[in-house]
Amino acid sequence: MNKHYLSALCLSLSLGASCWSLPVQAAQTGEATTSAASPAASDGAVSINSASAQELAAAMNGIGIKKAEAIVSYRDQFGAFTELEQLKEVPGIGSALVERNLPRLKL
């Protein structure tokens, strides 16, 4: 069962927001979801210093896998971020994108 099928099913059943909060992987396997599924996002915010590209792409609004990989590459090249605003130094990440995602991020 793919993500688009699940989305269409949720819409057709008019389950609203409760359906969108169920991760696709858990829906496919029938596993229960927990807030501790990812150590990088245990408090609702993802760590830009320890999250994988996949975790960053999933947590950040407007960030796909390519930009998330750019964040990880920048981190690997220049070391850990000391301020969230340093994300603006990553190629392809602008001020508006950083500001929009500040509530989702931590060091």
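Everything quoted here is computed from the prediction, not taken from an experiment. Any value given below was found using the heavy atoms of this structure, including those in side chains, with hydrogens, waters and symmetry copies removed.
- Looking at Gln77, its side chain never comes within 3.5 Å of a backbone N or O of Tyr74 through a donor-acceptor pair.
- With Glu99 contributing its side chain and Ala96 its backbone, the two residues share no donor-acceptor pair below 3.5 Å.
- The two residues Val98 and Leu87 come nearest to each other via the heavy atoms CG2-CB, 3.7 Å.
- The shortest heavy-atom contact between Asn61 and Arg100 is ND2-CD, 3.5 Å.
- Taking CD of Glu55 as the reference point, atom OG of Ser47 lies at 9.0 Å (rounded to 0.5 Å).
- Rounding to the nearest 0.5 Å gives a distance of 5.0 Å between CD1 of Ile48 and CG of Leu107.
- Side-chain contact between Val72 and Leu56: present, with at least one pair of heavy atoms (C-beta onward) separated by less than 4.5 Å.
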Could you pull out all donor-acceptor pairs under 3.5 Å where a side-chain atom in residues 63-71 meets a protein atom, sequence neighbours excluded?
residue	atom	partner	partner atom	Å
Lys67	NZ	Gly92	O	3.4

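- Contact between Leu97 and Ile93 at its shortest, heavy atoms only, is CD2-CD1, 4.0 Å.
- The minimum heavy-atom distance linking Phe81 with Arg75 is given by the pair CE1-CB, 3.9 Å.
- Of all heavy-atom pairs spanning Arg104 and Ala59, the tightest one is CD-O, 2.9 Å.
- Phe78 places none of its side-chain heavy atoms less than 4.5 Å from the side chain of Val90.
- With sequence neighbours excluded, no residue forms a salt bridge (Lys or Arg N to Asp or Glu O under 4.0 Å) with Glu85.
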